[in-house]
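For the numbers below, each heavy atom of this structure counts, side chains included, while hydrogens, waters and symmetry mates do not. Order of appearance sets the numbers: ligands from 1, and atoms from 1 within every ligand. Remember, predicted model here, so these are calculated numbers, not experimental data.
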Amino acid sequence: MGIPFIDLKTQYAAVKNGIGERINAVLDHGQYVMGPEVKELEGLLANFIGTKHCVAVSSGTDALLISLMALDLKPTDEVIVPDFSFFGTAEVVALTGARCRFVDVDPRTFNLDPAKLECLINKNTKAIMPVSLYGQCADYTAINKIANKHGVPVIEDGAQSFGATQNGKKSLALTEVGCTSFFPSKPLGAYGDGGALFTDDDNLANLYRQILSHGQDGRYHHVRLGLNGRMDTLQAAILIEKMSIFEGEVDKRQVVAKRYSDNLHQSIVTPTIEEGNLSVFAQYTIQVDDREAVIAKLKEKDIPTAVHYPEPLSSQPALKEQQQEPQPITAKLAERVMSLPMHPYLTEADQDKVIAGINSLF
Ligand SMILES: *Cc1c(COP(=O)(O)O)cnc(C)c1O
C-alpha cells in the first residue's frame, strides 16, 4: 500500500467508538441545526485557545468572510493580504467588493513580511489579514505593532494553524480576531466542512452570530445582510471527540517534522521555525530547484507530494480586477515549494521511505 499524504483512516480507528457515540447522541436528540453540541464545542475551543468567545461556523472561508462582512466594507476600502496563500484568503476580500492589497512574504517562514507592511497602509486600509501558513504563526508582535499604530484591525487566517503557539500564546488568540477551518485535512478536521472565529470582543462576537444567521437580531427580524453560516451539530459532535486526541497529535507532528528536517539532504531547503513558535505542520513544505522533475521521480517511487501553492494570488485570473503585479518572493516560492506526506500517524518506516526517496535524487 502506498504512503497516504494525509491519513484520516488511522486517526478514525483511534476515535471510532467515541465518534460513534457522539453521532448517535445527535441522531437521537434530533437537533441537527444549532444543537447543544455546537455550544459545547464553542466553550471547549474558546477555553483551549484562550479567548473569551468562539463562534462556530460552516467553514474557514465563511469565518473569514464573516469577519470582513462585520466591517461593512466599501468598494474603495482595502484589505492587506499576503500574495502567497490559499485562494480563499483573497477571495473573501473580493467577495465583499473591497480591494486586496497584496504584500510579499518572508522567504524563510512563507508568512507576511512585516517589513513590507507599513508602506501599504493608507486611509482606505480597513484590515490586515495575515496567514499562518503551513501551521506556523506569522510575526504577530511586529504586525500588531504596525496595525495598532494605524488603528487597523488584524484578522489572522489561522486555517492551517489551529493548535500552533507563539511565545506561549495560541494561534487565533494573538490578534483582534482569529479565523480557522476544520476542513477534514486541517490539523483539527471535522468529517465535512466547519470553521470558527475567535475574539475577546463582545460586540464583534455578537455581530458574527447575527451574520452567520441571516443578519437576524431576533427571530425573523433582519437588521443586516448575513449568510447561512451555521456549523452542523454533527460536525460539532465529531470535533468535540477529536479534541480528546488533538494535543497528542500535535506532539506526534513535531516528531515527524524533526525526523524529516534532521535527515533530508542538505541541498534541500527545509522549513524554518522561528524562535518562540510552535508549528502544527499542517504541511511540511520544502524548497527545491527543478520541482516538477523531483515530483515526477517521487511519483515513480509511490511517494505522494502536493504544491501549496503554485501561483501567486495576484496572478489568479479570478482576481485580475485587483490589478497588481506578483510579489517577487512569492513568485519565486510558487515555483520552488513542494509539500511532503505529513500527518501524526506517519510511521517511521514511511518517513524513512520518503527521506530515502528524496535523498536519492540529490
Ligand atoms: C483551508 C484554508 C482556507 C479555507 O478554509 P475552508 O474551511 O476550506 O473554507 C482559508 N485559508 C487558508 C490559508 C486555508 O488553508
- Lys186 NZ/CZ over Phe162 ring centroid, <6.0 Å and within 45° of normal: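 The answer is no; the distance or angle limit is not met.
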- Query: Can you name the residues that form a side-chain hydrogen bond (donor to acceptor under 3.5 Å, both in side chains) with Glu249, not counting sequence neighbours?
  - Reply: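 Counting only residues at least two positions away or on another chain, Glu249 forms a side-chain hydrogen bond (donor to acceptor under 3.5 Å, both in side chains) with Gln11, Tyr345.
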- Item | Any residue meeting side-chain hydrogen bond (donor to acceptor under 3.5 Å, both in side chains) with Lys123, in chain and number order, not counting sequence neighbours |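 By the side-chain hydrogen bond (donor to acceptor under 3.5 Å, both in side chains) rule, Lys123 matches no residue at all.
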- Note on the structure: Contacts of Val33 meeting side-chain contact (heavy atoms from CB on, under 4.5 Å) (sequence neighbours excluded), chain-then-number -> Arg230
- Euclidean distance, Ile146 CD1 relative to Ile80 CD1, rounded to 0.5 Å: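 With rounding to 0.5 Å, CD1 (Ile80) is 9.5 Å from CD1 (Ile146).
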Show the short N or O contacts, below 3.5 Å, that ligand 1 makes with protein N or O atoms; if there are none, say 'none'.
residue, atom, partner, partner atom, Å
ligand 1, 5 (O), Ser181, OG, 3.4
ligand 1, 7 (O), Gly60, N, 2.8
ligand 1, 7 (O), Ser181, OG, 2.6
ligand 1, 9 (O), Gly60, N, 3.4
ligand 1, 9 (O), Thr61, N, 2.8
ligand 1, 9 (O), Thr61, OG1, 2.5
ligand 1, 11 (N), Asp157, OD1, 3.3
ligand 1, 11 (N), Asp157, OD2, 2.8
ligand 1, 15 (O), Gln160, NE2, 2.8
ligand 1, 15 (O), Lys186, NZ, 2.7

- Task: Let me see the working for Tyr191 and Phe182 under ring-ring contact (aromatic ring centres under 6.0 Å, His included), right down to the final yes or no.
- Result: CA-CA 9 Å; Tyr191 289 156; Phe182 303 120; over 10 Å; no
